[in-house]
Amino acid sequence: MLTVCHLTSAHAPGDTRIFYKECVSLAKAGYAVTLVQRGESGREQGVDIVGLGQPQDGRWKRMVSFTRNVYRAAAKVDADIYHLHDPELLPYGWKLKRQGKTVIFDSHEFTAESILEKAWLPAPMRTLVHWAYQRFEAAICRKLDGIITVSPHIAAYFSSINPNTVQVSNYPILEPDTPCSDFSKKSVIFAGGIVEQWMHETILQALAKVPQCRYTLCGPCRAGYLERLQALPGWKQTEYLGRIPHSAVAQQMSHCMAGLALLRPNRNSDWKNGTMGNTKIFEEMMAGLPVICTDFTRWREFVDRYHCGICVNAESADEIAEAMTYLLEHPAEARRMGENGRRAVEAEFNWKNEEQKLLAFYQAIL
């Protein structure tokens with residue numbers, strides 16, 4: 001039996017893409033799979049988990065000392081294939097490659113471009129770090145056995161470095177028993193990390209223009225940003241639930257009338273072209289919700305093709321308010337859009353389809 005070891009130093013235990021999608025899929029396909037990560041050790045769904053506790057003392061020490069611990073634990077597994085999920089692990093990927101191992105790098109985002117927008121890096125340093133990282137990444141990735149990415153623009157970039165590059169998008173695991181919305185609440189919903197790039201301030205400004213609409217907001221939010229949101233007029237229409245279990249998110253979605261996926265265009269999203277690597281919009285479609293989403297070129301193509309939502313300028317409170325009002329005033333149309341979105345996920349935008357690409361990629365490498 002071929003052995004596979006997945007490594008992550010930056011992602012939390014139970015990361016959906018790493019564990020529930022890739023590791024579990026490989027285990028079901030007959031590979032002996034080990035995952036080295038933060039947290040506790042154990043075995044779940046056929047995957048052996050080597051937990052290394054939690055990294056201490058901030059980002060920089062994690063990127064130096066914790067990554068070394070991850071590498072040492074992974075090396076002890078002595079796997080046939082090593083699958084890396086964080087850029088900070090690339091030096092160890094090259095080290096494993098020189099030991100004769102098959103090594104894959106899984107780029108979850110466009111890291112080189114994202115560096116230019118990292119708030120934790122002093123602005124004058126970003127260009128230099130971007131330049132240095134881009135060359136460092138390319139030098140290692142061209143020597144690895146393969147690259148996995150999540151979106152066409154990232155796949156095109158890595159293909160110029162390593163021709164053995166495949167796009168395995170981050171579509172949701174299709175769950176037949178996922179409840180579809182009954183549209184019983186005049187509420188739009190967002191579930192995920194509550195950060196500036198998801199345009200919550202603009203959404204709250206839009207809500208104030210649609211007093212009959214509520215906002216169900218689920219997820220963690222840092223204190224300073226939460227206080228800014230709470231000061232806006234639309235907050236009185238908001239039901240903030242904080243971090244809740246995945247099952248509870250599905251239950252909340254099953255009563256709302258639309259899902260919000262209003263991502264600000266940025267370098268990682270290929271600006272106005274959009275990314276296929278973010279799962280939020282597809283999770284909302286899977287729940288039978290019409291989506292109010294950013295008018296990215298890639299998103300508009302499938303939203304228009306399946307007629308499953310409304311694309312707007314994510315930085316326009318007026319356009320967001322108009323979309324909310326339309327769905328509230330046309331409930332039958334909103335329900336049809338939601339049903340269309342669910343069918344789109346069943347037919348195209350689901351992990352089962354992407355799983356076949358992952359397994360074929362492994363077979364091609366072997």
Side-chain angles (χ1 to χ4, degrees), residues 4-11 15 17-18 22 36-37 55 58-72 74-75 81-170 197 266-271 273 275-278 357-358 361-362 364-365:
V4 178
C5 184
H6 283 244
L7 296 73
T8 178
S9 52
H11 291 81
D15 179 88
R17 177 177 176 84
I18 296 172
E22 295 185 336
V36 180
Q37 61 171 8
R59 178 181 287 109
W60 295 108
K61 282 196 175 180
R62 183 205 78 206
M63 293 172 69
V64 176
S65 60
F66 193 70
T67 53
R68 185 169 59 247
N69 293 340
V70 169
Y71 163 72
R72 287 172 175 169
I81 303 172
Y82 284 87
H83 190 139
L84 285 59
H85 291 275
D86 305 303
E88 62 204 47
L89 292 170
L90 281 171
Y92 296 111
W94 174 227
K95 193 170 184 178
L96 288 162
K97 181 62 185 168
R98 284 186 291 142
Q99 294 169 17
K101 301 298 184 181
T102 298
V103 182
I104 297 166
F105 176 51
D106 198 328
S107 184
H108 297 200
E109 62 177 27
F110 204 160
T111 305
E113 289 297 299
S114 297
I115 286 170
L116 294 168
E117 298 178 331
K118 296 294 186 185
W120 53 270
L121 272 175
M125 288 181 59
R126 291 175 198 165
T127 301
L128 177 61
V129 174
H130 161 77
W131 179 87
Y133 174 78
Q134 194 171 47
R135 280 149 184 78
F136 153 81
E137 180 184 64
I140 294 178
C141 286
R142 67 170 51 99
K143 298 171 184 175
L144 301 184
D145 295 278
I147 310 295
I148 297 175
T149 72
V150 295
S151 193
H153 65 293
I154 310 176
Y157 169 78
F158 276 106
S159 292
S160 67
I161 296 169
N162 186 324
N164 195 21
T165 294
V166 66
Q167 179 184 324
V168 179
S169 293
N170 208 20
Q197 67 175 353
N266 55 43
R267 292 177 181 274
N268 195 46
S269 74
D270 198 18
W271 299 111
N273 290 317
T275 176
M276 300 300 282
N278 189 281
K357 297 179 187 177
L358 175 70
F361 186 67
Y362 264 67
I365 283 177

### Shortest non-hydrogen contact from L84 toward L89
CD2-O, 3.2 Å
### Message
Minimum heavy-atom separation for N268 and N266, please, with both atom names.
### Response
N-OD1, 3.0 Å
### Query
Do L96 and Q99 have side chains that get closer than 4.5 Å, going by heavy atoms?
yes
### Query
Once you round to the nearest 0.5 Å, how far does NE2 of H6 lie from CG of D106?
8.0 Å
### Summary
CD1 of I115 to CH2 of W120, rounded to nearest 0.5 Å, is 7.0 Å
### Query
Is there a donor-acceptor pair closer than 3.5 Å between any side-chain N or O of Y82 and the backbone N or O of A74?
yes
#### Entry: Geometric class of the H83/H85 ring pair [parallel <30°, tilted 30-60°, perpendicular >60°]
parallel
### Summary
Between D15 and H11, the two heavy atoms sitting closest are OD1-CD2, 3.3 Å
### Message
Please enumerate all residues that pass salt bridge (Lys or Arg N to Asp or Glu O under 4.0 Å) together with K97, with sequence neighbours excluded.
### Response
D145
### Query
Is there a donor-acceptor pair closer than 3.5 Å between any side-chain N or O of S169 and the backbone N or O of G277?
no
### Side chain proximity check, N170 to N278, heavy atoms < 4.5 angstrom
no
### Summary
Between the CG atom in L116 and the CZ atom in R126, the distance rounded to the nearest 0.5 Å is 8.5 Å
### Pairwise side-chain contact, Y362 with V4, heavy-atom cut-off 4.5 Å (strictly under)
yes
### Task
With the side chain counted from C-beta on, respond yes when E113 and H130 share a heavy-atom pair under 4.5 Å apart, and no when they do not.
yes
### Message
Using 0.5 Å steps for rounding, measure from the SG atom of C5 to the CD1 atom of I81.
### Response
11.0 Å
### Message
I want to check something: taking the side chain as every heavy atom from C-beta on, are F105 and E137 in contact at a cut-off of under 4.5 Å?
### Response
yes
### Query
Do you know the tightest heavy-atom contact between V70 and T8?
CG2-O, 4.1 Å
### Query
Do the non-hydrogen side-chain atoms of V103 and W94 ever get within less than 4.5 Å of each other?
no
### pair H153-N273: side-chain heavy atoms closer than 4.5 Å
no
### Query
Quick one: OG1 on T111 to CD1 on I154, what's the gap to the nearest 0.5 Å?
8.0 Å
### Query
Does any non-hydrogen side-chain atom of Q37 lie less than 4.5 Å from one of I18?
no
### Query
If you take all heavy atoms of I161 and A138, which pair is closest and at what distance?
CG2-O, 3.6 Å
### Query
Strictly by modelled atom types, are S9 and E88 linked by a side-chain donor-acceptor pair under 3.5 Å?
yes
### Message
Checking the side chain of T275 only, and the main-chain atoms of S269 only, is there a donor and an acceptor separated by less than 3.5 Å?
### Response
no
### Task
Determine, step by step, whether F136 and L90 satisfy the side chain to side chain contact (heavy atoms under 4.5 Å, CB included) criterion, reporting the C-alpha distance in whole Å, the side-chain angles of both residues, the deciding distance to 0.1 Å, and the verdict.
CA-CA 9 Å; F136 153 81; L90 281 171; 3.9 Å; yes
#### Entry: Distance-minimising heavy-atom pair for S151 and M276
OG-N, 2.9 Å
### Atom pair OH/SG of Y157 and C141 - distance to nearest 0.5 Å
8.0 Å
